[in-house]
Amino acid sequence: MRYRFVVFALCSVFVAIVARAAYIQVISPDRLINEGDMRSLRTQTHEVQRGLITDRNGEMLAVSVPVEAIWADPKVLNQRHSFDDKRRWQALAEVIDEQPEALAARLKANPKRRFVYLKRQVTPALARYVRELRIPGIGLKPESRRYYPAGEITAQLVGITNIDDKGLEGVESQYDNWLTGSASKMKVRKSRDGKVVENLSVIEEGENPNDLKLSIDMRLQSLAYRELKKATEYHMASSGSIVIMDVVTGEVLAMANTPSYNPNQRSSMQSFAMRNRAITDTFEPGSTIKPLVVATALAEGVVKPDEVINTSPGWRRIGGSIVRDYRNLGKLDLTHVLLKSSNMGTANLALRMDVETVLNSYAGFGLGDYSGVNLPGESTGVLSRRTRWSDFERATLSFGYGLSATPLQLAKVYAILGNGGRKHPASVLKVRADQLPPAEQVVPEWVADEVVTMLSGITGPEGTAKQAHIDGYTVAGKTGTSRKAVAGGYGDDYVTYFAGLAPAERPRLAMSVVINDPKGEQYYGGTVAAPVFAKVMAGALQMLNVAPYTPKPSVRVAAKRGGVNDRS
C-alpha cells in the first residue's frame with residue numbers, strides 16, 4: 001500500500017509538471033515571453049551634444065566636451081556587500097571628495113533605491129580610474145560639459161548652461177531650443193551583466209542640434225575687453241561696457257563688460273559679474289545725445305546748417321532754473337555747438353521745436369525701445385511720454401537728462417548717423433549681405449551726413465576729445481559726462497561716455513564706451529572714455545583692413561551710399 005502511494009504521488013507530480021509546462025509553452029506562451037522580456041528588454045537612450053557657438057569667423061565660443069557621471073545602485077551595493085572592500089571604497093570616496101563613512105551611510109539609508117548620482121561631469125581620466133576599481137553597484141553614465149574657450153572675454157554675452165546642459169544666461173538661454181537636439185531611443189535586449197546583445201527597434205528618432213554663428217569678431221572682442229579692463233582698473237571704476245557695431249549691417253562685432261567672470265569655474269561666480277551691462281544697465285546719456293537734437297532741428301527745418309546761435313552770456317534762466325555752459329562760448333555755428341558741447345546751444349534748438357517732435361526723433365533712433373539683439377534681460381531705457389513738460393525739462397532733454405539709454409542703444413544711434421540715417425535692427429547673429437532686412441530712414445541722408453561732418457572735428461584743437469584721435473583716420477564722435485541720479489536730485493558720482501564713428505568720411509564702425517563711476521581727478525568723457533575708444537577703434541580698423549580713406553569732397557556722400565558690398 002505504501003509503495004502504491006509513493007508511485008501515485010510521483011506520477012501526480014510528474015503529470016502536474018508536464019501539464020504546467022504544456023500550459024506555459026502551448027496554451028499561454030505569451031506570459032513566459034513577457035516575463036523574459038521584463039528581464040532583458042531595455043530602452044537605450046543615445047544623447048546628443050549641444051550645438052556649437054562660434055564667432056563670425058568660426059572661432060569656438062562654446063563647445064560641449066564628453067564627460068561622465070558616477071552613479072550608484074544602492075540595492076546592488078548592499079546585496080553584494082561592496083562596502084566591505086575598504087581599500088576600493090576609500091579610493092572611490094576620494095574621487096568624489098567625500099568621507100568613506102558618510103558616503104556609505106548615505107547609500108545604506110535607502111537600500112531599495114536603484115539609482116543615485118555620486119558625482120557628475122568628471123573627466124575621462126577620473127572615469128577610467130573609477131571603472132578600473134570594479135566596484136559592484138557603481139557605474140558610469142556618459143554626458144557632456146559645456147566649455148567656453150574665450151572665458152571671461154565673452155562670458156556675459158555667450159552666457160552659461162546648468163549641469164544638465166540647459167541654457168541659463170545670454171545666448172545660451174535665448175537660443176536654447178535651437179542649440180539643443182533630442183535624444184534617440186532604441187529598444188535593445190541586454191544580457192544579465194548589462195551588455196547589449198541585440199538591437200531590436202527604434203522607438204524615437206533623435207534630432208541633431210544646430211550650431212549658432214554670432215556676429216561677434218573675437219579679435220575685436222578680445223581687444224575691447226582688454227582695453228576696457230585696463231581702463232576700469234586704472235580709474236577704479238565700478239564697471240564699464242563697450243559695444244562695437246557694423247555701421248551698414250547693424251551687426252554687433254564686440255560687446256564687452258567689466259567686471260566679468262570665468263564661466264569654466266562655477267565656484268567663483270558672482271551674480272553682479274554675470275550681468276550683461278551693455279544691454280541691462282541704463283544711464284542718462286548726457287552730451288552724447290546732442291547730435292540727435294541738431295539732426296532733428298535740421299530735418300524739421302527750424303535751423304540751417306550755417307546758422308549762428310548766440311549762447312551769451314553762457315547761462316539762461318528757464319522756468320525758475322538755470323541752464324549753463326562751463327563758460328561763455330559766445331556765438332557758435334552748429335558745428336561748434338557740438339564741438340564745444342554747448343548746453344545753451346542745444347537747449348536753444350530744443351525750445352524751438354515741440355517736445356513731441358524731439359521725443360519722436362529720439363524714438364526713431366531706437367531710444368526707449370528694444371534694439372533687436374534678442375537677448376534676455378535687455379532694457380529699453382526710459383523715454384517718458386508725458387502730457388506736460390516744463391521748458392526747463394525740454395531744455396535738459398536736449399543734453400541727455402530726463403531719459404536713459406543702454407550702451408548698445410548709444411552705439412546704435414551713432415551707427416544710424418554713420419549709415420546715412422538708415423536704421424537696421426541690431427543683431428548678435430551673423431547676417432548675410434543678401435539677407436539684410438530693409439532699412440528704415442530715420443532722418444534724411446543729407447542730415448545724417450551733415451551731422452557726421454560736424455562731429456569730425458571732435459579730436460581737433462577745438463573739440464572735447466583730443467585723446468580720441470587716431471593717426472591716419474578721422475573720428476566723428478561725442479563725449480559725455482553725466483551725474484548719477486540719487487534720491488532728490490543728482491549725487492557726486494559720474495558716468496563718462498564716448499560714442500563715435502570711424503572713418504568719418506566713410507563710416508565702417510560705430511562704438512560706444514561707457515565707464516561707470518570713475519574715481520580720482522579724471523572723470524570726464526574726454527579723458528576717461530575717449531582714450532579707450534581710440535585704442536580699440538584703431539586696432540579694430542587695422543584688424544578689418546580698413547585703409548585710411550581721404551575721398552574727394554564731391555564724392556563723399558556717394559561713397560557713403562555704397563552699402564554692404566562697397567565697403568573697404
Side-chain angles (χ1 to χ4, degrees), residues 283-297 302-303 307-355 358-359 361-362 382 384 386 388-405 410 451 454-455 457-458 460-466 477-499 515 517-518 521-530:
F283 307 96
E284 291 181 310
S287 296
T288 57
I289 214 72
K290 290 177 180 177
L292 299 196
V293 179
V294 173
T296 306
V302 301
V303 68
E307 185 171 331
V308 174
I309 298 175
N310 188 4
T311 67
S312 294
W315 61 274
R316 178 180 174 183
R317 185 175 295 277
I318 302 176
S321 300
I322 295 178
V323 173
R324 67 174 73 247
D325 288 332
Y326 59 94
R327 66 178 177 84
N328 184 5
L329 299 173
K331 295 182 179 180
L332 301 173
D333 58 18
L334 290 184
T335 298
H336 285 85
V337 166
L338 294 178
L339 296 186
K340 298 292 186 181
S341 196
S342 171
N343 294 341
M344 290 290 296
T346 53
N348 184 303
L349 296 177
L351 292 173
R352 296 186 193 182
M353 298 179 284
D354 186 77
V355 67
V358 176
L359 291 174
S361 178
Y362 285 180
V382 175
S384 299
R386 305 199 303 271
R388 299 183 62 182
W389 290 78
S390 68
D391 287 345
F392 180 72
E393 290 173 327
R394 291 169 57 195
T396 57
L397 195 65
S398 72
F399 45 87
Y401 286 90
L403 72 156
S404 66
L410 201 55
V451 172
M454 293 176 183
L455 293 172
I458 194 69
E462 297 181 296
T464 57
K466 299 177 181 63
K478 187 73 187 71
T479 58
T481 306
S482 65
R483 289 180 180 270
K484 296 176 70 172
V486 296
Y490 290 90
D492 296 327
D493 295 329
Y494 292 86
V495 182
T496 65
Y497 316 87
F498 188 89
I515 307 293
D517 192 19
E521 296 180 357
Q522 296 180 344
Y523 56 87
Y524 289 108
T527 56
V528 176

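Numbering starts at 1 and runs along the sequence shown. Predicted, not measured: the structure shown is a model, and the values here were computed from it.
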Grab the two heavy atoms, one from [X] and one from [Y], that are nearest each other, plus how far apart they are.
X: S342; Y: T311; result: OG-CG2, 3.7 Å
X: S361; Y: T296; result: OG-OG1, 2.5 Å
X: A350; Y: V293; result: N-CG1, 4.3 Å
X: A347; Y: V323; result: CB-CG1, 4.4 Å
X: V294; Y: M454; result: CG1-SD, 4.0 Å
X: M353; Y: V358; result: CE-CG2, 3.9 Å

Can you tell me if [X] uses its side chain to pair, donor with acceptor, with the backbone of [Y] under 3.5 Å?
X: S404; Y: V382; value: yes
X: S482; Y: E284; value: yes
X: S321; Y: I318; value: no
X: T481; Y: G525; value: yes

query = Is there a side-chain contact between L334 and L349 (heavy atoms, below 4.5 Å)?
reply =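 Counting from C-beta outward, L334 and L349 do come under 4.5 Å.
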Applying side-chain contact (heavy atoms from CB on, under 4.5 Å), can you list everything that pairs with [X], at least two apart in sequence or on another chain?
X: S312; result: N310, N328
X: A465; result: I458, A468, T479, F498, A530
X: R394; result: L351, V355, W389, D391
X: A295; result: V447, V451

Which residues share a ring-ring contact (aromatic ring centres under 6.0 Å, His included) with [X], sequence neighbours left out:
X: Y524; result: none
X: Y497; result: none
X: Y494; result: Y523

State which residues pass salt bridge (Lys or Arg N to Asp or Glu O under 4.0 Å) with [X]; sequence neighbours excluded, sorted by chain then number.
X: D325; answer: none
X: R388; answer: none
X: E307; answer: R352
X: R324; answer: none

Pairs involving residues 326-343, ordered by first then second residue, that meet salt bridge (Lys or Arg N to Asp or Glu O under 4.0 Å) (sequence neighbours left out) =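 For residues 326-343: none.
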Kindly compute the distance separating [atom1] ([X]) from [atom2] ([Y]), expressed to the nearest 0.5 Å.
X: F399; Y: M344; atom1: CZ; atom2: CE; answer: 9.5 Å
X: L403; Y: L359; atom1: CG; atom2: CG; answer: 8.5 Å
X: L332; Y: E462; atom1: CG; atom2: CD; answer: 10.0 Å
X: L338; Y: T346; atom1: CG; atom2: OG1; answer: 8.5 Å

Polar side chain donor-acceptor pair, T464 to S341, under 3.5 angstrom =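 Checked: T464/S341 side chains show no N/O donor-acceptor pair below 3.5 Å.
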